Amino acid sequence: MRRLLVWTLLLLFLLSGCAGAPQSREVGSTAVVSVLGAEGAGEDLRLLAAAEGRGEGDPFLCDSQGATPAAAVETLTNRGEQVVSCAHVEHLLLADSAAGRLPDLLSYAFQEPQQSTETQLWVVRSDSLEDAFYGEGDVAKRMAVLKTQGKNRQGFSPLTLRQAAAALAQGDPLLIPALAVGENGLDFVGFALYQEGAITQWLTGQQALGASLVMGERIHWTGSGTEGAMMLQSTGCQVRPQWEGDTLVGLCLHCRLEGVPTGGWTGEGQDVEQLERETAQGMLQALTALQRAQADAAGLQGRAGLSNLLRWASLSTQWEEAFPTLPIQTAVTITVTERQ
């Protein structure tokens, strides 16, 4: 009876990210994980599970393998005396080697109506998750830190399974927050561009920061010519198509940002002008990368169309062919306010 109850709970809550759920807990022989990883293993899929260590205890780690997500999860959750529960998974980490299995993973996650669709999706810039899960540090604790940073929108906005599934259903490309193993364990390094079942490009550095600003995120930016740093928040980005008669010939982005100094900022007007130029250039670098990949992952078409609904039909007809080579101009206006 007890085992039947455990399996019933697993079927109801598999991969759910319940609000307010603890990062991890152990009750008797049951281990509840908060971080699940997926990587390729030949023709199979390998799953890695992690939960925070309690107190001074070691973190919980285990892995399994199967031909399908369902088979891999069954092996993971049925481990003899110890029951591994995926009832409170908050993060799904996808290795580059498992990118092609993302549709399968999403389909499996959506099989049960009780499942939460708010589990956060990440890509790790590596074919293997071995270092991320079995290296130094507690991967579940590190993900808790990144979740807090994402809540504060400092460089990225977490992508949920619901959002990913909606984009894939429409055939749209995705910018998935990307991680890499560094000195502090897993760290945010930019975005993976996911299209047509594969990761086709990585946006890092200025490209990643520029993409964040285009999409309306809050980021931490350090200027190149000064030690001054600024927390920047997008307050609006107008996307206006340029026309010659009925022909789409260009795109103009004018973004408004609010900045709060975080250290070393002089407050001089010249500094703001330099920052405006740098952020505009970062946005242009991100958009150029998306153009090369023929992937409008920033939703520019829809935003451009809203600027003049009377031209929506013309824009829609020309967009796919024009976008990869469309001249784009970016301009930024920054208003600086002192920290309270």
Side-chain angles (χ1 to χ4, degrees), residues 6-27 29-39 45-54 59-66 68-79 82-95 98-99 101-124 129 132-134 137-151 156-165 168 176-179 185-186 188:
V6 170
W7 275 106
T8 301
L9 290 174
L10 289 174
L11 289 174
L12 290 175
F13 296 110
L14 183 63
L15 284 177
S16 65
C18 303
Q23 288 292 316
S24 66
R25 67 172 184 267
E26 293 186 10
V27 181
S29 61
T30 300
V32 181
V33 304
S34 63
V35 182
L36 197 63
E39 66 181 26
L45 183 71
R46 184 190 182 200
L47 294 182
L48 300 92
E52 285 186 18
R54 301 180 61 192
F60 171 81
L61 295 168
C62 68
D63 61 87
S64 66
Q65 190 169 314
T68 65
V73 169
E74 182 177 358
T75 303
L76 179 70
T77 55
N78 185 12
R79 302 180 69 85
Q82 185 174 44
V83 176
V84 179
S85 170
C86 298
H88 299 290
V89 172
E90 295 186 341
H91 306 277
L92 176 61
L93 310 186
L94 189 69
R101 305 295 295 270
L102 179 58
D104 294 337
L105 288 163
L106 291 174
S107 296
Y108 182 71
F110 278 74
Q111 285 179 6
E112 294 293 329
Q114 288 84 1
Q115 290 177 8
S116 169
T117 60
E118 300 307 306
T119 298
Q120 295 179 359
L121 176 65
W122 306 78
V123 168
V124 179
L129 298 176
F133 277 76
Y134 290 98
D138 187 330
V139 65
K141 286 185 177 180
R142 184 58 185 161
M143 292 309 301
V145 172
L146 288 175
K147 180 180 179 181
T148 300
Q149 292 177 347
K151 186 180 296 184
F156 63 94
S157 182
L159 181 72
T160 66
L161 299 187
R162 170 181 51 80
Q163 293 169 324
L168 294 187
I176 306 176
L179 306 173
L186 284 171
F188 173 74

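Throughout, numbering of the chain's residues begins at 1 and tracks the sequence. As the structure is a prediction and not an experimental result, all values here were calculated from the model.
- Residues Ser64 and Leu76 come closest through the heavy atom pair OG-CB, 3.2 Å.
- Summarising the geometry of Phe133 relative to Leu48, their closest heavy-atom pair is CE2-O, 3.6 Å, with the distance given to 0.1 Å.
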Steps toward side chain to side chain contact (heavy atoms under 4.5 Å, CB included) verdict (Thr75, Gln65): CA-CA 7 Å; Thr75 303; Gln65 190 169 314; over 6 Å; no
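- The distance from atom CG of Leu93 to atom CG of Leu36, rounded to the nearest 0.5 Å, is 8.0 Å.
- Side-chain atoms of Leu146 and His91, non-hydrogen and from C-beta on, never get closer than 4.5 Å to each other.
- Of all the heavy atoms in Ala98 and Ala38, the pair that sits closest is CB-O, 3.5 Å.
- With contacts defined as side-chain heavy-atom distances shorter than 4.5 Å, the pair Leu94/Leu105 qualifies.
- Considering all non-hydrogen atoms of both residues, Ala140 and Ser34 come closest at CB-OG, 3.8 Å.
- When all heavy atoms of Pro103 and Ala99 are compared, the pair lying nearest together is CD-O, 4.4 Å.
- Interatomic distance, Leu168 CG to Leu106 CG, rounded to the nearest 0.5 Å: 6.0 Å.
- Residues Arg101 and Pro69 have side chains in contact (heavy-atom distance under 4.5 Å, counting atoms from C-beta outward).
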Tyr134/Leu61 under side chain to side chain contact (heavy atoms under 4.5 Å, CB included): CA gap, chis, key distance, verdict: CA-CA 8 Å; Tyr134 290 98; Leu61 295 168; 3.8 Å; yes
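- No side-chain heavy atom of Val89 sits under 4.5 Å from any side-chain heavy atom of Val35.
- Taking every heavy atom of both residues into account, Ala132 and Val139 meet most closely at O-CB, 3.4 Å.
- Atoms OG1 and CD, from Thr160 and Glu118 in turn, are 4.5 Å apart once rounded to the nearest 0.5 Å.
- Salt bridge annotation for Lys141-Glu52: absent, with no cationic side-chain nitrogen under 4.0 angstrom from a carboxylate oxygen.
- With values rounded to the nearest 0.5 angstrom, Arg162 atom CZ is found 12.5 Å from Leu121 atom CG.
- Taking the side chain as every heavy atom from C-beta outward, Trp122 and Leu186 never approach each other to under 4.5 Å.
- Just one of Asp63, Leu47, Leu129 meets the side chain to side chain contact (heavy atoms under 4.5 Å, CB included) condition when paired with Glu39; it is Leu129.
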